[in-house]
Colleague: 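Take a look at this one; I'll ask things after.
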Amino acid sequence: MTIRMTVAGARVDTAGRLPVENPATGAVIAEAPDCTLAQLDEAVAAAAAAQPRWTALTEDERRAHLVECGKRLGAAGDEVARLLSAEQGKPVRDALGEVGLSAAWFGHTAELSLSAEQLVRDSSADITLTREPYGVVAAIAPSNFPIILAMCKVAPALLAGNTVVLKPSPQTPLSTLRVGEVLQECLPPGVLNVVSGADALGEALTTHPGIRLISFTGSVGTGRGIARHAAGRFTPVVLELGGNDPAIVLPDADVDALAPALFGAALANSGQFCAAVKRVYVPEEKRERLAGLLADLARRAVVGDGADPATEYGPLISRAQRDRVASLVDAAVKAGARVVTGGVVPEGPGHFYPPTVVTDLPAGTALEVEEQFGPVIPVLGYADVDEAVARANATEFGLGASLWGDERQARALAGRLDCGTVWINTHGDLRHNVPFGGTKSSGVGVEYGHLGLLAYTRPKVLNVADPRE
């Protein structure tokens with residue numbers, strides 16, 4: 001099967017090719033189109049040309065298109081999921097779940113509304129606030145959840161009356177390109193354009209003069225670069241830039257009972273999840289017990305090719321990412337940390353790293369303060385809760401955090417955590433109707449729910465003087 005880009009409703013190929021690996025084997029499994037700058041211009045022009053007609057539709061008409069998109073994507077779910085598993089590495093069942101969630105996202109978004117708001121209505125004036133589309137939106141999605149993190153941009157952008165140029169990660173373009181082909185069956189030409197290419201294409205897209213809003217999920221470094229480029233034209237941005245989420249186990253907590261939930265929250269998608277638990281703070285007297293429980297779970301975890309039904313956790317997305325995770329663990333050991341289990345790169349093909357538990361980290365170790373984005377759980381002891389909160393906040397990140405134990409104490413501490421979401425006795429619970437975003441280097445703005453929809457609009461005021469005046 002040949003998968004192409006989608007521009008102005010047509011399938012488009014190009015001479016340049018982008019190799020795509022299966023991270024479970026390291027072998028190239030396909031080649032994706034490498035979009036030229038001229039083709040990017042065509043995609044932005046197609047979106048700009050389609051936007052007035054798309055905006056002129058009623059909100060109910062756009063909702064109907066979104067509902068149909070969800071149905072079409074759901075019907076193509078098995079095909080898209082197998083492409084996703086092959087290029088990203090996650091188990092097929094997880095890929096099926098991601099595509100199913102993405103299909104449902106269109107329906108959830110279609111239930112939202114952009115009703116006008118009456119601000120003033122008295123003898124002096126009739127003033128109304130409406131929400132207007134920006135125009136052409138650049139949507140850039142990462143490799144860890146490429147389909148859902150693309151569709152949670154596309155769906156609200158379209159409902160608001162924008163058109164979209166979508167660029168997937170160069171590591172996972174195949175499944176997104178196929179989604180672009182599928183959705184052309186239920187959208188007017190030019191409303192959704194999907195192009196693929198290397199990192200240079202992303203820079204060209206975000207600096208393109210025809211782009212009116214940029215929505216990006218990815219690394220802090222790339223997000224900073226986008227923000228700098230966007231500042232030149234005052235282009236608005238929505239940036240979700242990852243996190244280094246802490247989990248604080250409170251003194252009263254039963255570590256035996258909560259260890260499985262912590263492990264699952266840390267190892268989701270082999271740790272390649274912005275809202276995964278990246279470090280665990282626990283009372284010093286319970287540290288060894290919790291580290292041992294997590295290590296037992298790590299040893300029993302089944303790591304392998306996502307195509308194998310027995311696999312629970314797949315490889316990391318690339319050799320470079322695997323090597324970065326390994327280097328952070330090795331550096332922690334050199335600084336005095338102790339690996340309880342894992343910590344050794346396995347022999348053989350693929351970009352695998354074993355579920356790893358590390359403890360005895362000196363405060364401020366890179367494994368504590370940086371986002372490793374891999375299957376590693378640092379377990380850090382604390383003397384009192386104040387110390388745990390201070391260390392939880394002592395990074396550049398501020399996406400999420402969780403507190404485990406007595407709900408009353410957790411609620412009292414939640415306001416002291418400097419982040420966008422605080423979970424209590426759970427972690428990483430993301431929902432279509434709950435806004436999600438971070439602070440500090442974790443990003444700008446929010447996605448999901450009504451507030452996420454508003455991010456794809458600009459306010460416009462209509463002020464009508466009372467005719468009797």
Colleague: Rounded to the nearest 0.5 Å, what's the gap from OG1 on Thr395 to NZ on Lys278? Could you check?
Modeller: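 Thr395 atom OG1 to Lys278 atom NZ measures 10.5 Å (nearest 0.5 Å).
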Colleague: Determine whether the side chains of Arg224 and Ser441 contain a donor N or O and an acceptor N or O closer than 3.5 Å.
Modeller: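 The answer is yes; a qualifying pair exists.
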Colleague: Just to verify, what does Val422 make a side chain to side chain contact (heavy atoms under 4.5 Å, CB included) with, not counting sequence neighbours?
Modeller: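 Partners of Val422 under the side chain to side chain contact (heavy atoms under 4.5 Å, CB included) test: Leu403, Ala414, Leu417, Cys419.
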Colleague: Would you compute the distance between atom CD of Glu117 and atom CD1 of Ile127 and round it to the nearest 0.5 angstrom?
Modeller: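 If we round to the nearest 0.5 Å, Glu117:CD and Ile127:CD1 are 12.0 Å apart.
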Colleague: Could you tabulate the donor-acceptor pairs under 3.5 Å formed by side-chain atoms of residues 99-106, not counting sequence neighbours?
Modeller:
from: Ser102; atom 1: OG; to: Glu98; atom 2: O; distance (Å): 2.8
from: Ser102; atom 1: OG; to: Ile148; atom 2: N; distance (Å): 3.2

Colleague: Any idea which heavy atoms bring Ala307 and Asp305 closest together, and the distance?
Modeller: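 That closest heavy-atom pairing would be N-OD1, 2.9 Å.
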Colleague: Thr439 versus Asp418: any side-chain heavy-atom pair under 4.5 Å?
Modeller: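 Answer yes - side chains close enough.
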Colleague: Kindly say whether Asn144 contributes a backbone atom to a donor-acceptor pair with the side chain of Asn269 at under 3.5 angstrom?
Modeller: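 Yes.
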Colleague: Tell me the ring-ring contact (aromatic ring centres under 6.0 Å, His included) pairs involving residues 314-341, sequence neighbours left out?
Modeller: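 As it turns out, there is no ring-ring contact (aromatic ring centres under 6.0 Å, His included) pair with a partner in residues 314-341 once direct neighbours are skipped.
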Colleague: Could you grab the distance from atom CD of Glu87 to atom CG of Leu174, nearest 0.5 Å is fine?
Modeller: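 Interatomic distance, Glu87 CD to Leu174 CG, rounded to 0.5 Å: 4.5 Å.
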Colleague: Between Asn162 (side chain) and Val136 (backbone), is there a donor-acceptor pair under 3.5 Å?
Modeller: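 Looks like no, no N/O pair under 3.5 Å.
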Colleague: How long is the span from the CZ atom in Arg408 to the CD1 atom in Ile424, to the nearest 0.5 Å?
Modeller: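 Interatomic distance, Arg408 CZ to Ile424 CD1, rounded to 0.5 Å: 12.5 Å.
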Colleague: Is there a donor-acceptor pair closer than 3.5 Å between any side-chain N or O of Gln321 and the backbone N or O of Ile317?
Modeller: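 Answer holds: no.
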Colleague: Going by salt bridge (charged side-chain N to carboxylate O under 4.0 Å, His left out), name the residues that satisfy it together with Glu21, two or more places apart in sequence or in a different chain.
Modeller: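 Checked Glu21 against salt bridge (charged side-chain N to carboxylate O under 4.0 Å, His left out); zero matches.
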Colleague: Using atom types as modelled and distance alone, determine if a side-chain donor or acceptor of Arg93 lies under 3.5 Å from a backbone N or O of Thr311.
Modeller: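 Judged by distance alone, yes, a pair lies under 3.5 Å.
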Colleague: Looking at Arg212 and Glu132, does any basic side-chain N land under 4.0 Å from a carboxylate oxygen?
Modeller: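 Salt bridge: no.
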Colleague: What residue pairs, at least two apart or across chains, pass side-chain hydrogen bond (donor to acceptor under 3.5 Å, both in side chains) with a residue in residues 233-245?
Modeller: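 side-chain hydrogen bond (donor to acceptor under 3.5 Å, both in side chains) check on residues 233-245 returns Asn244-Arg279, Asp245-His427.
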Colleague: Can you find a heavy atom in the side chain of Val358 that is under 4.5 Å from one in the side chain of Ile377?
Modeller: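 Contact flag for Val358/Ile377 side chains = no.
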Colleague: Of all residues at least two apart in sequence or in a different chain, which pass the side chain to side chain contact (heavy atoms under 4.5 Å, CB included) check with Asp254?
Modeller: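 Only Asp256, Ala257 meet the side chain to side chain contact (heavy atoms under 4.5 Å, CB included) criterion with Asp254.
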Colleague: I want to check something: taking the side chain as every heavy atom from C-beta on, are Val137 and Thr163 in contact at a cut-off of under 4.5 Å?
Modeller: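 When only atoms from C-beta onward are counted, Thr163 and Val137 do not touch, as no gap falls below 4.5 Å.
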Colleague: Evaluate the side-chain proximity of Leu201 to Val195: yes if any heavy-atom separation is below 4.5 Å, no if none is.
Modeller: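 Side chain of Val195 against side chain of Leu201, heavy atoms only: contact under 4.5 Å found.
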Colleague: Taking all atoms of both residues into account, what is the closest heavy-atom pair of Thr172 and Pro146, and its distance?
Modeller: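 Of all heavy-atom pairs spanning Thr172 and Pro146, the closest is OG1-CB, 3.6 Å.
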Colleague: Looking at every non-hydrogen atom in both residues, tell me the closest pair between Ala227 and Leu239 and how far apart they are.
Modeller: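 So the two residues come closest at CB-CD1, 4.2 Å.
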Colleague: Give a yes or no answer on whether the side chain of Asn393 reaches the backbone of Arg416 with a donor-acceptor pair at less than 3.5 Å.
Modeller: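 Yes, because the side chain of Asn393 sits within donor-acceptor range (under 3.5 Å) of the backbone of Arg416.
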Colleague: When rounded to the nearest 0.5 angstrom, what distance separates OG in Ser115 from CG in Leu129?
Modeller: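 With rounding to 0.5 Å, OG (Ser115) is 11.5 Å from CG (Leu129).
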Colleague: Dump the intermediate steps for salt bridge (charged side-chain N to carboxylate O under 4.0 Å, His left out) on Arg338 and Glu288, then the final yes or no.
Modeller: CA-CA 11 Å; Arg338 173 170 54 92; Glu288 281 295 332; 2.4 Å; yes
Colleague: Ignoring hydrogens and geometry, is there a side-chain-to-backbone donor-acceptor pair from Glu371 to Gly243 under 3.5 Å?
Modeller: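 Yes; judged by distance alone, with no hydrogens or angles, the pair exists.
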Colleague: Taking side chain as C-beta onward, heavy atoms only, is Leu328 less than 4.5 Å from Thr365?
Modeller: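 They are not in side-chain contact.
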Colleague: Less than 4.5 Å apart, any side-chain heavy atom of Pro354 and any of Val344?
Modeller: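 No, too far: nothing below the 4.5 Å cut-off.
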Colleague: Do Asp429 and Trp423 come within less than 4.5 Å of each other through their side chains, counting heavy atoms only?
Modeller: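 SC-SC contact between Asp429 and Trp423 confirmed.
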Colleague: Keeping to residues at least two apart or across chains, list the ring-ring contact (aromatic ring centres under 6.0 Å, His included) pairs with something in residues 247-301.
Modeller: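 ring-ring contact (aromatic ring centres under 6.0 Å, His included) check on residues 247-301 returns Phe145-Phe273.
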Colleague: Can you confirm whether the side chains of Lys153 and Ser215 place a donor and an acceptor under 3.5 Å from each other?
Modeller: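 Judged by distance alone, the side chains do pair up.
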Colleague: Between the main-chain N or O of Gly336 and the side-chain N or O of Asp360, is there a donor-acceptor pair closer than 3.5 Å?
Modeller: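 No, because the side chain of Asp360 does not come within donor-acceptor range (under 3.5 Å) of the backbone of Gly336.
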Colleague: Checking side-chain contact (heavy atoms from CB on, under 4.5 Å) for the pair Tyr456/Glu447: CA distance, chi angles, key distance, verdict?
Modeller: CA-CA 9 Å; Tyr456 293 91; Glu447 296 194 273; 3.2 Å; yes
Colleague: Return the set of residues passing side chain to side chain contact (heavy atoms under 4.5 Å, CB included) with Val345 (not counting sequence neighbours), or none when no residue passes.
Modeller: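 Partners of Val345 under the side chain to side chain contact (heavy atoms under 4.5 Å, CB included) test: Arg322, Ala326, Tyr353.
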Colleague: Between the side chains of Gln88 and Ser143, is a donor N or O closer than 3.5 angstrom to an acceptor N or O?
Modeller: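 Judged by distance alone, the side chains do not pair up.
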Colleague: So, Lys90 side chain and Ser85 main chain: donor-acceptor pair closer than 3.5 Å or not?
Modeller: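 No, Lys90 side chain to Ser85 backbone: no donor-acceptor pair under 3.5 Å.
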Colleague: Kindly say whether Val325 contributes a backbone atom to a donor-acceptor pair with the side chain of Gln372 at under 3.5 angstrom?
Modeller: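 Flag not set: sc Gln372 to bb Val325 has no pair under 3.5 Å.
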Colleague: Where do Tyr448 and His432 land on the side-chain contact (heavy atoms from CB on, under 4.5 Å) test, with the steps shown first?
Modeller: CA-CA 5 Å; Tyr448 312 166; His432 69 87; 5.9 Å; no
Colleague: Output all residues satisfying salt bridge (charged side-chain N to carboxylate O under 4.0 Å, His left out) with Asp296, sequence neighbours left out; order by chain, then residue number.
Modeller: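 Salt bridge (charged side-chain N to carboxylate O under 4.0 Å, His left out) check on Asp296 returns Arg299.
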Colleague: Please report the shortest heavy-atom distance between Gly314 and Pro91, naming the atom on each side.
Modeller: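 So the two residues come closest at N-CD, 4.3 Å.
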Colleague: Does any part of the side chain of Pro142, heavy atoms only, come nearer than 4.5 Å to the side chain of Ser169, both counted from C-beta?
Modeller: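 They are not in side-chain contact.
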Colleague: Going by the side-chain hydrogen bond (donor to acceptor under 3.5 Å, both in side chains) test, which pairs reach into residues 194-207, not counting sequence neighbours?
Modeller: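 As it turns out, there is no side-chain hydrogen bond (donor to acceptor under 3.5 Å, both in side chains) pair with a partner in residues 194-207 once direct neighbours are skipped.
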Colleague: Could you tell me the separation between the SG atom of Cys69 and the CG atom of Leu192, rounded to the nearest 0.5 Å?
Modeller: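 Spacing of SG (Cys69) from CG (Leu192) equals 7.5 Å.
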Colleague: For the residue pair Ser270 and Leu316, what are the closest heavy atoms and their distance?
Modeller: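 Looks like O-CD2, 3.7 Å.
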Colleague: Kindly say whether Arg411 contributes a backbone atom to a donor-acceptor pair with the side chain of Gln409 at under 3.5 angstrom?
Modeller: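 Looks like no, no N/O pair under 3.5 Å.
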Colleague: With a sphere of 6.0 Å drawn around CZ of Arg131, does it hold more than 12 non-hydrogen atoms of other residues, nucleotides or ligands?
Modeller: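 Counting other residues, nucleotides and ligands, CZ of Arg131 exceeds 12 neighbours.
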Colleague: Please list, chain by chain and in numerical order, all residues satisfying side chain to side chain contact (heavy atoms under 4.5 Å, CB included) with Lys286, sequence neighbours excluded.
Modeller: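 Lys286 satisfies side chain to side chain contact (heavy atoms under 4.5 Å, CB included) with Val255, Val282 once adjacent residues are dropped.
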Colleague: Would you mind checking if Asp60 and Arg62 are paired as a salt bridge, meaning a charged N to carboxylate O distance below 4.0 Å?
Modeller: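 Between Asp60 and Arg62 there is no salt bridge, as every charged N stays at least 4.0 Å from the carboxylate O atoms.
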Colleague: Minimum heavy-atom separation for Ala32 to Leu177, with atom names?
Modeller: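 That closest heavy-atom pairing would be CB-CD1, 4.1 Å.
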Colleague: Under the criterion side-chain contact (heavy atoms from CB on, under 4.5 Å), I'd like the reasoning laid out for Val164 against Val194: C-alpha separation, chi angles, the key distance, then a yes or no.
Modeller: CA-CA 8 Å; Val164 177; Val194 185; over 6 Å; no
Colleague: According to salt bridge (charged side-chain N to carboxylate O under 4.0 Å, His left out), who are the partners of Glu368, at least two apart in sequence or on a separate chain?
Modeller: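 Salt bridge (charged side-chain N to carboxylate O under 4.0 Å, His left out) list for Glu368, sorted by chain: Arg391.
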